[in-house]
Colleague: 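One structure, as structure tokens, below. Some questions next.
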Amino acid sequence: MTHSAHGGDRLTLDGGPKPGTAGVRFGFFTDTSVCIGCKACEVACKVWNGVPATQTAFTGHSLDNTGALGADAWRHVAFIEQDGVVGRDPVGRAQAAEGGRAPGLEWFGDDPGLPDGAHGGSAGAPAIPMFHGAEEAPQDQAFRWLMSSDVCKHCTSAACLEVCPTGAIFTTEFSTVVVQDDVCNGCGYCVTACPYGVIERRAADGGAYKCTLCYDRMRASLQPACAKACPTDSIQFGPLDELRARAADRLDEVLEAGQPTAQLYGADPDDGVGGNGAFFLLLDDPEVYRLPPDPVTPTRNIAAMWKVAGAVAGALAAGVVAAFAGEVRR
């Protein structure tokens, strides 16, 4: 289902920012517990933004043929296969396999509680089981898929923006981070600065590219293409403060439903990047999804480095003066 009904007076019926909401921070909340790996987000992103086709190949990471985020992959759906998940009861696996409603999960078929026009599948569509072999596998040795649609995190303290020498990267009126392709000189400083390895230079023209959170659609009061295309609402778009509150409630549901390793990633404004504009509910540790566990904006240590450098320079200068004074006395 879409969440255009949420956001109070800050979203239009199409789920985008209402005119006059400039200054309100918008972002993504990705609930990986309901991602089905359909890649609709990848396709919608490429089609809307004119992102070149990705040359896919076998990566060794299950059905993940995109590999990673990059200049030609602004959305990347990760697939992780977990066999023998000891001590972890996948969310509602038995109920999902039997066609019942899984506790704490959104329903993937028709639901009379969904608003008109919301995603919910075709009439009479059955539940889509997240876990396979649930009837036979014991609870402590279940096989499960972990799927997650990754994207640029639109950091509060965006290192890519801080190191850009041309001003090509800027923060929009919605507090998202965008690269102006016509201003980028291809220096690559942003590539090395990003703690997530998101931004990349495109071989065709040398420019740096990444997700814009569909800035053009947001300015037209439309939600981003990936969120619009997501059939299970794994990707949710809206005012960031409301998304964080909704994510906290959702985490409680998933923990109660039997996922002790579930956690929010990137939602903490006190982390090393000041919190993300695109954050996630994960069912396992970040490393499992090939995400850095403690990302830090490299530039956050510059002030301290300058202080140390100043102290060292002062000590060196004092030493030189002392040595010179001693030589004069002799």
Side-chain angles (χ1 to χ4, degrees), residues 1-7 10-12 14-17 25-49 51 64 66 68-69 73-80 105-108 114-115 117-121 128 130 145-155 174-177 196 198 210-218 222-251 253-254 262-267 276-283 286 289 291:
M1 56 183 274
T2 60
H3 284 275
S4 56
H6 298 275
R10 295 188 287 184
L11 293 176
T12 66
D14 287 326
R25 187 174 185 184
F26 285 81
F28 286 131
F29 163 47
T30 301
D31 182 353
T32 69
S33 71
V34 293
C35 177
I36 58 174
C38 67
K39 292 181 177 279
C41 55
E42 287 192 11
V43 175
C45 176
K46 284 182 177 292
V47 170
W48 181 263
N49 294 292
V51 178
D64 179 358
T66 307
L69 294 171
W74 297 2
R75 271 279 176 188
H76 161 234
V77 179
F79 288 75
I80 299 100
L105 287 179
E106 300 284 357
W107 184 246
F108 299 152
L114 299 185
H119 293 305
I128 300 174
M130 291 174 56
W145 293 98
L146 295 180
M147 303 170 187
S148 174
S149 180
D150 198 9
V151 71
C152 170
K153 312 307 181 292
H154 293 271
C155 308
F174 306 110
S175 297
T176 57
V177 181
Y196 298 99
V198 166
K210 71 171 191 68
C211 161
T212 67
L213 226 153
C214 282
Y215 180 46
D216 54 342
R217 289 180 62 89
M218 291 177 67
L222 300 171
Q223 63 176 318
C226 57
K228 184 74 173 180
C230 181
T232 64
D233 242 6
S234 173
I235 302 170
Q236 301 175 24
F237 168 80
L240 193 61
D241 55 351
E242 295 190 13
L243 290 179
R244 284 174 173 167
R246 189 188 308 161
D249 292 340
R250 176 62 180 159
L251 177 61
E253 291 178 355
V254 174
Q263 57 193 279
L264 295 180
Y265 179 79
N276 294 330
F279 64 100
F280 305 79
L281 187 154
L282 304 178
L283 295 180
Y289 296 83
L291 292 169

Colleague: Stepwise, does the side chain to side chain contact (heavy atoms under 4.5 Å, CB included) test hold for L213 with F26?
Modeller: CA-CA 9 Å; L213 226 153; F26 285 81; 5.8 Å; no
Colleague: Measure the shortest side-chain to side-chain distance between R25 and L243 over non-hydrogen atoms and say whether it is less than 4.5 angstrom.
Modeller: no
Colleague: What verdict does the side chain to side chain contact (heavy atoms under 4.5 Å, CB included) test give for F280 and L264, after you've listed the backbone C-alpha separation in whole Å, the side-chain angles of each residue and the deciding distance to 0.1 Å?
Modeller: CA-CA 6 Å; F280 305 79; L264 295 180; over 6 Å; no
Colleague: Looking at M147 and G37, what are the two nearest heavy atoms and their distance?
Modeller: SD-N, 3.3 Å
Colleague: Should the pair F29 and F279 be assigned to parallel (<30°), tilted (30 to 60°) or perpendicular (>60°) ring geometry?
Modeller: parallel
Colleague: Roughly how far, to the nearest 0.5 Å, is the CZ atom of F28 from the CZ atom of R75?
Modeller: 5.0 Å
Colleague: Please determine whether a side-chain nitrogen of the Lys or Arg among D241 and R10 lies less than 4.0 Å from a carboxylate oxygen of the Asp or Glu.
Modeller: yes
Colleague: Is T66 close to F79 at the side-chain level, that is, under 4.5 Å between some pair of heavy atoms?
Modeller: no
Colleague: With a 4.5 Å heavy-atom cut-off, do W74 and L69 have their side chains touching?
Modeller: no
Colleague: In Å and rounded to the nearest 0.5 Å, what is the CH2 to SG distance from W48 to C214?
Modeller: 7.5 Å
Colleague: Let me confirm one number: the CG-SG distance from L146 to C35, rounded to the nearest 0.5 Å.
Modeller: 10.0 Å
Colleague: Determine whether C211 and C45 make a side-chain contact, defined as any pair of heavy atoms from C-beta on separated by less than 4.5 Å.
Modeller: no
Colleague: Which heavy atom in A278 sits nearest to a heavy atom in V151, and how many Å separate them?
Modeller: CB-CG1, 3.9 Å
Colleague: I'd like to know if the side chain of Q223 pairs up with that of R217 as donor and acceptor (distance under 3.5 Å, no hydrogens or angles considered).
Modeller: no
Colleague: So do D64 and H76 actually touch side chain to side chain, heavy atoms under 4.5 Å?
Modeller: yes
Colleague: Is there side-chain contact between F237 and P17, with at least one heavy-atom pair below 4.5 Å?
Modeller: yes
Colleague: Could you list the residues that satisfy salt bridge (charged side-chain N to carboxylate O under 4.0 Å, His left out) with K39, not counting sequence neighbours?
Modeller: E42
Colleague: Might you work through the side chain to side chain contact (heavy atoms under 4.5 Å, CB included) test for V177 and K210, ending with a clear yes or no?
Modeller: CA-CA 9 Å; V177 181; K210 71 171 191 68; 4.0 Å; yes
Colleague: Atom OH in Y196, atom CG in L291: separation rounded to 0.5 Å?
Modeller: 8.0 Å
Colleague: Are the side chain of T232 and the backbone of V34 linked by a donor-acceptor contact shorter than 3.5 Å?
Modeller: yes
Colleague: Evaluate side chain to side chain contact (heavy atoms under 4.5 Å, CB included) for L283 paired with W145, printing each intermediate quantity in order.
Modeller: CA-CA 10 Å; L283 295 180; W145 293 98; over 6 Å; no
Colleague: Between CG of L222 and OG1 of T12, what distance do you get to the nearest 0.5 Å?
Modeller: 6.5 Å
Colleague: State, yes or no, whether a side-chain contact exists between F174 and Y215 at a heavy-atom distance under 4.5 Å.
Modeller: yes
Colleague: Give the C-alpha distance, both sets of side-chain angles, the deciding distance and a yes or no for side chain to side chain donor-acceptor pair (under 3.5 Å) between S33 and D31.
Modeller: CA-CA 5 Å; S33 71; D31 182 353; 2.6 Å; yes
Colleague: Are the side chains of C230 and C41 in contact, using a 4.5 Å heavy-atom criterion?
Modeller: no
Colleague: Can you measure from OG1 (T32) to CG (L281) and round to the nearest 0.5 angstrom?
Modeller: 5.5 Å
